[in-house]
Amino acid sequence: MHICVLGAGIIGVTSAYRLLEDGHQVTLIDAHPVAGAGTSMGNGAQLSYSYVAPLADPSVWTHWPHYLFSADSPLTLKPKLDPAQWSWLLKFLGACNAERVKRTTIELLQLAFYSRDELTQLQQAAPFDFSHRTAGKLVMYTDPAGLASARKQVAFQSQYGCRQEVIDAARCLEIEPALGNAARNWAGGVYTPSEEAGDCAQFCRGLVTAMHGNSGFRFMPSTTVAHVNMQDGAIASVQVTSQTGVQSIDADAFVLALGADSAAFARQAGFSLPLYPLKGYSITVPLNDSFTQSAAPQVSITDISKKIVYARLGNRLRVAGRVELVGMDRHIPDRAINELVDGANELFPGSIRDQRASQLSPWAGFRPATPSGVPVIGASPVKNLYLNIGQGALGWTLACGSAALLAAQIGGRKTAIDDAPFRYGR
């Protein structure tokens, strides 16, 4: 079967790989000149298999005034005259209850652990470098009440295979001495020694290179999907534009993995998707000398109070944060980058030294999220269109598992985990 995968971010690239493994002919299309150049380019780099807490949480109700009106809130909402935004927000608030959060956590943990195992198998079958490392992760708290709440979450998740420890501040500093210079009064942290990190964009490019060795694979970069041609409730073809002009791509089946742009494509195909872009930012700090390298952490860090994550990628430190519901505004304000720089300097004094903003590769991306945080994987209302969307901030973590789940569904095989939570319309 010829399958056309729309989107060459981490979700699309892994989907193409698994479908190619199943013996399908695969065409992969992306608007960027290389794979992984959109939202996958500058993400937080953490592979957080055990830390999948959804954004939708009961605490949102008490923090709502802070999110709306505080200048230092890590979550920003700009109300717009956009029905999609208000529809998503209402469904999001509806998901902010304890029962839904427990169910979401279980579903995401199952998919995350499956994804971890699938990535391990992929690395064995197609080894290439993407700055991958298993360094562990510390989620750091300054608030004792927050740490107490985390202890309950750790106990809950331990029932479903998570191996995490709640530890005091002294033990945190033993594990990551670089935190000892932080201008913070730590209450403690949650330590997960098995957590990983890697360069998502580098992985996308490496996997596409590996697929080029298969004669059934075709990659069409710098190619934009302009129009969907429907016939008898199915996609007959997609019209695309590139430097060579306009052409139609037909296939037996299509996979929608266009990230935040997937909702617009779905509208052309005659149905709706519960997606909204969660804008985030990152900087990538070069660690060029012994001073900056020793100042930066080896373990991945999440500063829970500021919602900033830190991940070591060889001689680079990825610093990422913020959640903004502002539509598809691509502007990167100085304020957002300054927050990341200040956060890094506060936690790891000396890790950023005399570097201009341009040297820090400032980046913004649109994480495509469903209101509950559970992605949509599988068949759509269109006969020959399959979905792999809505992984939100966990796209890198969930990618390999999502792709394997999708490939099994398309191939008519029994899925390795229950796919019911991820079906469209659930």
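These values consider heavy atoms only, across backbone and side chains, with no hydrogens, waters or symmetry-generated copies. Residue numbers start at 1 and run along the sequence shown.
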- [ ] Check the pair Q268 / V225 against side chain to side chain contact (heavy atoms under 4.5 Å, CB included), numbers first and verdict last.
- [x] CA-CA 11 Å; Q268 281 200 53; V225 178; 6.0 Å; no
Open item on the list: Checking E324 against Y281 for the side-chain hydrogen bond (donor to acceptor under 3.5 Å, both in side chains) test, could you report, in this order, the C-alpha distance in whole Å, the side-chain angles of both residues, the deciding distance, and whether it holds?
Closed with: CA-CA 9 Å; E324 295 186 353; Y281 303 90; 2.8 Å; yes
TODO: Show the numbers, then the answer: is there a side chain to side chain contact (heavy atoms under 4.5 Å, CB included) between Q164 and V139?
DONE: CA-CA 11 Å; Q164 300 172 290; V139 180; over 6 Å; no
TODO: May I have the step-by-step check of side chain to side chain contact (heavy atoms under 4.5 Å, CB included) for Q110 and I106, ending in yes or no?
DONE: CA-CA 6 Å; Q110 291 174 338; I106 295 168; 4.0 Å; yes
- [ ] Take R163 and S194 through the side chain to side chain contact (heavy atoms under 4.5 Å, CB included) test and state the conclusion after the steps.
- [x] CA-CA 8 Å; R163 298 292 176 263; S194 61; 5.8 Å; no
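For the residue pair L47 and G198, the shortest heavy atom distance occurs at CD1-N, 4.4 Å. Taking both residues in full, the closest heavy atoms of E176 and V299 are given as OE1-N, 2.9 Å, listed atom of the first, atom of the second, then distance. When every heavy atom of Q46 is checked against every heavy atom of Y310, the shortest pair comes out as NE2-O, 3.2 Å. When all heavy atoms of T14 and A399 are compared, the closest pair comes out as OG1-O, 3.5 Å. Taking every heavy atom of both residues into account, P375 and L108 meet most closely at CD-CD2, 3.8 Å. Nearest approach of A260 to M328, heavy atoms of both residues: CB-SD, 4.0 Å.
Looking only at atom types and distance, the side chain of D22 has no donor-acceptor partner in the side chain of H24 under 3.5 Å away.
Residues Q409 and D419 form a side-chain contact, since some pair of their non-hydrogen atoms from C-beta on lies under 4.5 Å apart. Counting heavy atoms from C-beta on, the side chains of L287 and R312 come closer than 4.5 Å. Q247 has its side chain out of reach of T223: every pair of non-hydrogen atoms, C-beta onward, lies at least 4.5 Å apart. Side-chain contact between K306 and L340 is absent, with no heavy atoms from C-beta onward closer than 4.5 Å. Side-chain atoms of C162 and F156, non-hydrogen and from C-beta on, never get closer than 4.5 Å to each other. R367 has its side chain out of reach of N43: every pair of non-hydrogen atoms, C-beta onward, lies at least 4.5 Å apart. Counting heavy atoms from C-beta outward, S131 and Q202 have side chains that approach closer than 4.5 Å. Looking at heavy atoms from C-beta onward, I167 lies out of side-chain contact with E174 at the 4.5 angstrom threshold.
With values rounded to the nearest 0.5 angstrom, L256 atom CG is found 6.0 Å from L387 atom CG. Between the CG atom in L19 and the CG atom in L406 there is a gap of 6.0 Å [rounded to 0.5 Å]. Note: S380 OG to I389 CD1 = 9.5 Å, rounded to the nearest 0.5 Å. In this structure, OG in S361 is found 8.0 Å from CZ in R318, a value given to the nearest 0.5 Å. Atom CZ of F422 is separated from atom CG of L111 by 4.5 Å, given to the nearest 0.5 angstrom. Atom OG1 of T27 and atom CZ of R218 lie 4.0 Å apart (nearest 0.5 Å).
Between F217 and H212, the ring planes lie perpendicular to each other; the angle is over 60°, past the 30° to 60° tilted range. Ring orientation note: the planes of F128 and F203 are tilted relative to one another, at an angle of 30° to 60°.
By the 4.0 Å N-to-carboxylate-O rule, R18 lies close enough to E21 to be salt-bridged with it. Look at E165 and R171 and you find no salt bridge, because none of the NZ, NE, NH1 or NH2 atoms lies under 4.0 Å from a carboxylate O. Under a 4.0 Å N-O distance rule, the pair R100/E107 qualifies as a salt bridge.
A donor-acceptor pair under 3.5 Å links the side-chain atoms of Q85 to the main chain of L325, judged by distance alone. In this structure, the side chain of W88 engages the main chain of A369 through a donor-acceptor pair within 3.5 Å. Side chain of T104 to main chain of V101: no donor-acceptor pair is present (N/O by atom type, distance under 3.5 Å, no hydrogens or angles). Using a distance-only test at 3.5 Å, with no hydrogens or angles considered, no donor-acceptor pair links the side chain of S237 to the main chain of N229. Judged by distance alone, with hydrogens and angles left aside, the side-chain atoms of H2 form a donor-acceptor pair with the main-chain N or O of D250 at under 3.5 Å. Although no hydrogens or angles enter the test, the distance criterion places a donor-acceptor pair under 3.5 Å between the side chain of N97 and the main chain of G94. Counting only distance, with no hydrogens or angles, the side chain of S115 and the backbone of G401 share a donor-acceptor pair below 3.5 Å. In this structure, S87 contributes its side chain and P83 its backbone to no donor-acceptor pair below 3.5 Å. A side-chain donor-acceptor contact under 3.5 Å links K279 to the backbone of D329. Side-chain atoms of Q239 do not come within 3.5 Å of backbone N or O of V246 as any donor-acceptor pair.
Within 6.0 Å of atom CD in Q243, 12 or fewer heavy atoms from other residues, nucleotides or ligands are found, so the atom counts as exposed in its surroundings.
Between Y424 and F271, the distance from one ring center to the other falls under 6.0 angstrom.
Checking each of H132, R316, R205 against D199 for a side-chain hydrogen bond (donor to acceptor under 3.5 Å, both in side chains) leaves exactly one that passes, namely R316. Shown are I304, D303, T302, I301; of these, the side-chain contact (heavy atoms from CB on, under 4.5 Å) with V309 is made only by T302.
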